[in-house]
Engineer: 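My questions all concern the structure below.
Any value given below was found using the heavy atoms of this structure, including those in side chains, with hydrogens, waters and symmetry copies removed. In what follows, residues are counted from 1 in the order of the sequence shown.
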Amino acid sequence: MRQVLHNGTTKIHEYRTWLPTSQGAEKPFAVSLSFQCLQGADGESLGVCVISADVTASWQARERLAVLDRASARLGSTLDVMQAGQELADLAVPLLADYVAVDLEQSISFGEGPPVGISATGSRLPAFRRAGLASIRQGVPESPWMRGEPVDVPADSPFTAVLRAGKPRLEPVLDTGAGTWVDSVPGLARRVRENGMHSIMIVPIRARRALLGVALFVRTPDPVPFHEVDLLLAEELVARAAQSLDNARQYASRHAAALTLQRNLLPRHLTGGTAVEVASRYLPADVDHGVGGDWFDVIPLSGARVALVVGDVVGHGLHAAATMGRLRTAVHTLADMELPPDELLAQLDDTVQRLGEEDCDLPDPPTAVAGATCLYAVYDPATRRCTMASAGHPPPAIIDPQGRVSYPDLPTGTPLGVGLGEPFDSVELELDEGSLLALYTDGLIETRDHDIEEGMHRLGTALAQPDRTLDDLCDIATRTLPDQAPCDDVTLLLVRTRSLNPSRVVTWALPGDRSAVRHARRLAAHQLTQWGLEGLADATRLIVSELVTNAVRHGTGPIELRLVRHRVLTCEVSDTAAFIPRPHRARTTDENGRGLFLVTKLSRRWGARSTSGGKVVWAEQELPHTSERQPVAA
């Protein structure tokens, strides 16, 4: 007023104060004052006119808009549910409260299970975990629970009413006297009284008709209690945060589903048996979900052999992972049929084409499978020979025990599902014991700025260290990748070959007549005695008798019997007939047809595989425990 009188001007001034109410509490009150100087005809100041107006509502509206504007800028910056809860707490202190705690329904944090419906809490309350904490005091002394810890919800507390009704609650004056709900949690009661918590607001966090959690707003040193306008602001603030938390929840749920899918599709534990030592690395290009279209496998086969597989479905993400799972299952099925690598890839190519035709019939067909590549190899530790074939996949790197690197001249073949009908060709190599095979996908050797040849040279150089462990070599090889984010999935399967001691593999040539049966039984029994496996002699004689009998009856030419002692005892009978035996149920009047049924009962498993000169029928038996502990490699 003095400034207006002195200067002869007009001024508008706003200020905020607190006025006592009839209940004894104080209420915020905003006033806008207009000061105008009254002057006479000669310009002299005669007085001042003051006009006052209650602008509390508009003041509070501007404050809410300012807070919500900050919320829009700060909330939603993360897809981590715990961090999203912390963002809400950090924003509300000290703008709205002196202490804020954000608790989330427990399944939300891990992306597991469906969200809890607002009206579905019933008599049993959901479990909560503390996600956000903020206070004007150092160390947040008000909270008995730290971030990530489970939170106890007292049964008769205001929290229970909020959770069951799904509506916020305001307690301007918190009753902390003896015998109230606060005392039901001793640690909480002590902290409430020590820190002077006197006014609270509890707001449920809701989205899509689901209860995500609950936010607690508390005033401690600030003597002004919360009012209805503060609750409206808290609700609007929590609503903004709920959108961010719901996005984070959906991401966590999809991420958990994607990781579960990938874990179930890729092998959980690789074992090479007596044939190879293995290690692997998988780096998906889709780092958000951790899934892609690459796959690898080590599949045990009969006779101590092992199949090595690596494949790549074009693209990455959930669809590529699902397609990869279908192909991996198909490869396992075909590998159990003991098909040679070139025949297996031909059958897999037909499978991929059929899958593509089925997908085309869908109303919203997914991306075609065509373009998937695969490398399939079979290694036999008894002969140290490895047979491999490729369907559009880069060749493996082979590092001998001296550290020399080579890439076999392997026919590339056409990618799976292209539909050209081209046959696949196999290549057979003899490997030194201790050789290293590196099977990989092109994401490891090809980048935007480097061609494949340069990447293959980089990979070979990284692996040319025979004295390093396979896990070390996996780390070294993947560390050589350029620093930029990978544009394709990266898979590396390292295999170090072993060989069986010649004393553990015995082969006999038998005549193609009935005398071969008696001779085979005697040879097998004698060999088991030398190996100290007399306990398997009776069962082995019966298995050998039935397999050799079938070879004599249905085949022509010479017969070969081979016993292989590795983790199991394998009996193999080969002949020149291409017919693969199939068991059938013999009738009571049949004189024959029970041989394979007897083999099934005496062995842990049996099967047959085609060879270039005929077939091999094999059966496996478990070794005694004392024999299993003995080393089987050379």
Engineer: First locate atom CG of Asp175, then atom NE2 of His198, and finally report the distance between them rounded to the nearest 0.5 Å.
Structural biologist: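 The CG atom of Asp175 sits 14.5 Å away from the NE2 atom of His198.
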
Engineer: Where do Arg169 and Ala161 come nearest, in terms of heavy atoms and distance?
Structural biologist: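 Minimum heavy-atom separation between Arg169 and Ala161: NH1-CB, 3.8 Å.
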
Engineer: Ignoring hydrogens and geometry beyond distance, is a side-chain donor-acceptor pair present between Asp349 and Gln353 at under 3.5 Å?
Structural biologist: yes

Engineer: In Å, rounded to the nearest 0.5 Å, how long is the span from CG of Leu232 to CG of Leu237?
Structural biologist: 12.5 Å

Engineer: Could you tell me which non-hydrogen atom of Ile136 sits nearest to which non-hydrogen atom of Pro221, and how far apart they are?
Structural biologist: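 Smallest heavy-atom distance, with atoms named: CD1-CG, 3.4 Å.
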
Engineer: Please confirm whether the backbone N or O of Thr176 pairs with a side-chain atom of Thr180, one donor and one acceptor, at under 3.5 Å?
Structural biologist: no

Engineer: Might you point out which heavy atoms bring Phe217 and Ala234 nearest each other, and give the distance in Å?
Structural biologist: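 Result for this residue pair: CE1-CB, 4.0 Å.
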
Engineer: Would the number of heavy atoms belonging to other residues, nucleotides or ligands and lying under 6.0 Å from NE2 of His332 be above 12?
Structural biologist: yes

Engineer: Mind telling me whether His393 and Tyr440 have parallel, tilted or perpendicular rings, with 30° and 60° as the class edges?
Structural biologist: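 Tilted.
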
Engineer: I'd like to know whether Leu327 forms a side-chain contact (heavy atoms from CB on, under 4.5 Å) with Cys374, so could you lay out the CA-CA distance, the side-chain angles of the two residues, the decisive distance to 0.1 Å, and finally the verdict.
Structural biologist: CA-CA 10 Å; Leu327 295 185; Cys374 182; over 6 Å; no

Engineer: Report yes or no: does Arg219 contribute a side-chain atom to a donor-acceptor pair with the main-chain N or O of Pro225 at less than 3.5 Å?
Structural biologist: yes

Engineer: Looking at Val298 and Pro300, what are the two nearest heavy atoms and their distance?
Structural biologist: O-CD, 3.7 Å

Engineer: Could you give the distance from CD (Gln83) to CG (Leu245), rounded to the nearest 0.5 Å?
Structural biologist: 11.0 Å

Engineer: Under 4.0 Å between a side-chain nitrogen and a carboxylate oxygen: does that hold for Arg137 and Asp98?
Structural biologist: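 The answer is no: the pair does not qualify as a salt bridge.
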
Engineer: In the structure I gave you, are the side-chain heavy atoms of Ile299 and Val331 within less than 4.5 Å of one another anywhere?
Structural biologist: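 Yes, close enough: below the 4.5 Å cut-off.
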
Engineer: Does any donor atom in the side chain of Asp294 or Thr491 lie under 3.5 Å from an acceptor atom in the other side chain?
Structural biologist: yes

Engineer: Check Ala242 against Ile205 and note the closest heavy-atom contact, atom names and distance.
Structural biologist: CB-CG2, 3.8 Å

Engineer: So which heavy atom on Ile202 is nearest to which on Pro158, and how close?
Structural biologist: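 Between these two residues, the closest heavy atoms are CD1-CB, 3.6 Å.
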
Engineer: Any sub-3.5 Å donor-acceptor pair from Arg191's side-chain atoms to Ser143's backbone N or O?
Structural biologist: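 Yes, Arg191 side chain to Ser143 backbone: donor-acceptor pair under 3.5 Å.
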
